[in-house]
Amino acid sequence: AKLAVGHKDGAVWITDLKSGKSTKIVAAESKDQASRVIDMQWDPLSNMYLLVCFRDGNIVLIDTEQATVMMRFDRQSEITMLSWVRHIPGGFVTATKRSALLSMWNVSQRSPVALLRLGKKQCGLVAVRPVPSVHA
């Protein structure tokens, strides 16, 4: 098992709980308060990838085995959360503070693949659940 801890300076520490070995990954573009980690999610389909979101709107995908940033996504303003979409490999969503706008992403592209407006109020948390397919 691995533990990921995000810090105010934008660093992410990955600890292997079996061996006790910790690795620091400098994932933020700067070390100021705007670069603090606000959300992180492990890839549900792989134990080596971690999505990290920063206060300044940056999002990165980290390969925790290589301790490297694999992808930097286009900066979004005031992201409040991110969540993997488990039934879409590489798919994830982000929500913004200012409006009920969800951005749909794929790790293979730097920009959102779709935008979904959910109203005029801000989004707080989002839970994504796959709909079971119906076979005739």
Side-chain angles (χ1 to χ4, degrees):
K2 292 181 184 177
L3 174 70
V5 178
H7 290 269
K8 290 181 181 180
D9 66 356
V12 176
W13 283 88
I14 307 296
T15 301
D16 182 312
L17 297 177
K18 187 173 182 180
S19 69
K21 179 184 175 197
S22 292
T23 304
K24 180 180 181 182
I25 302 169
V26 179
E29 292 181 334
S30 66
K31 291 185 178 184
D32 61 11
Q33 185 69 7
S35 294
R36 81 174 176 187
V37 175
I38 60 166
D39 200 358
M40 296 185 300
Q41 298 289 321
W42 288 102
D43 183 341
L45 303 177
S46 170
N47 61 359
M48 59 191 275
Y49 301 119
L50 180 70
L51 268 177
V52 181
C53 180
F54 301 95
R55 185 176 179 189
D56 64 5
N58 281 308
I59 307 166
V60 297
L61 177 66
I62 294 175
D63 178 333
T64 62
E65 304 228 333
Q66 300 296 319
T68 59
V69 173
M70 292 183 56
M71 174 76 92
R72 288 190 185 278
F73 299 93
D74 291 346
R75 183 180 298 195
Q76 304 294 301
S77 64
E78 299 186 345
I79 292 175
T80 56
M81 58 71 58
L82 56 83
S83 178
W84 287 99
V85 180
R86 295 176 189 271
H87 62 286
I88 301 174
F92 66 97
V93 295
T94 58
T96 61
K97 185 176 182 178
R98 291 194 177 183
S99 66
L101 182 67
L102 291 182
S103 298
M104 187 65 191
W105 302 77
N106 191 285
V107 296
S108 64
Q109 299 180 24
R110 292 188 189 281
S111 300
V113 295
L115 300 174
L116 178 62
R117 185 162 303 278
L118 302 176
K120 295 181 181 181
K121 305 262 182 184
Q122 78 180 48
C123 269
L125 300 173
V126 174
V128 181
R129 180 178 174 266
V131 177
S133 59
V134 177
H135 299 287

>> If we ignore hydrogens and angles and just use 3.5 Å, is the side chain of Arg86 paired with the main-chain N or O of Leu45 as donor and acceptor?
In response: no
>> Would you say that Asp43 contacts Phe92 through its side chain, given a criterion of any heavy-atom pair below 4.5 Å between the two side chains?
In response: no
> OG/Ser108 to CE/Met71 distance, rounded to the nearest 0.5 angstrom?
Replying inline: 6.5 Å
> Which heavy atom of Thr23 sits nearest a heavy atom of Ala67, and at what distance?
Replying inline: CG2-CB, 3.7 Å
> For Trp42, does its backbone N or O pair with a side-chain atom of Trp84 as donor and acceptor, under 3.5 Å?
Replying inline: yes
>> Can you tell me how far apart CH2 (Trp13) and NZ (Lys24) are? Round to the nearest 0.5 Å.
In response: 6.0 Å
>> For a side chain to side chain contact (heavy atoms under 4.5 Å, CB included) check, start with the C-alpha distance between Met70 and Val107, then their side-chain angles and the critical distance, and finish with the verdict.
In response: CA-CA 9 Å; Met70 292 183 56; Val107 296; over 6 Å; no
> Where do Gln76 and Ser103 come nearest, in terms of heavy atoms and distance?
Replying inline: OE1-OG, 4.1 Å
> Atom OG1 of Thr15 and atom NZ of Lys2: how far apart are they, to the nearest 0.5 Å?
Replying inline: 11.0 Å
>> Looking at every non-hydrogen atom in both residues, tell me the closest pair between Gly57 and Ile79 and how far apart they are.
In response: O-CD1, 3.8 Å
> Taking it one step at a time, do Ile59 and Trp105 satisfy side chain to side chain contact (heavy atoms under 4.5 Å, CB included)?
Replying inline: CA-CA 11 Å; Ile59 307 166; Trp105 302 77; 4.0 Å; yes
> Can you name the residues that form a ring-ring contact (aromatic ring centres under 6.0 Å, His included) with Tyr49, not counting sequence neighbours?
Replying inline: none
>> Measuring from atom CG of Asp56 to atom OG of Ser77, what distance do you get when rounded to the nearest 0.5 angstrom?
In response: 11.5 Å
>> Donor-acceptor pair, distance only, cut-off 3.5 Å: does the side chain of Thr94 make one with the backbone of Leu82?
In response: no
> Of the non-hydrogen atoms in Ala4 and Leu50, which two are nearest, and what is the gap between them?
Replying inline: CB-CD2, 3.7 Å
> Are Met40 and Met81 connected in the hydrophobic side-chain network, where two residues link if heavy atoms are under 4.5 Å apart?
Replying inline: no
>> Would you compute the distance between atom CD1 of Ile25 and atom OG1 of Thr64 and round it to the nearest 0.5 angstrom?
In response: 6.5 Å
>> Could you report the tightest heavy-atom contact between Ile14 and Val12, atom names first, then the distance?
In response: CD1-CG1, 3.8 Å
> What's the verdict on side chain to side chain contact (heavy atoms under 4.5 Å, CB included) for Ile38 and Phe54, showing C-alpha distance, side-chain angles and the deciding distance?
Replying inline: CA-CA 5 Å; Ile38 60 166; Phe54 301 95; 5.8 Å; no
>> How long is the straight-line distance from CG of Leu101 back to CG of Leu116, given to the nearest 0.5 Å?
In response: 8.0 Å
>> Is there a path of hydrophobic side-chain contacts, each under 4.5 Å between heavy atoms of I/L/V/M/F/W/Y residues, joining Val37 to Val26?
In response: no
>> For Ser111 and Asp74, which I'm curious about, is there any donor-acceptor pair between the side chains at under 3.5 Å?
In response: yes
> Please walk me through it: do Asp63 and Met48 pass side chain to side chain contact (heavy atoms under 4.5 Å, CB included)?
Replying inline: CA-CA 6 Å; Asp63 178 333; Met48 59 191 275; 3.4 Å; yes
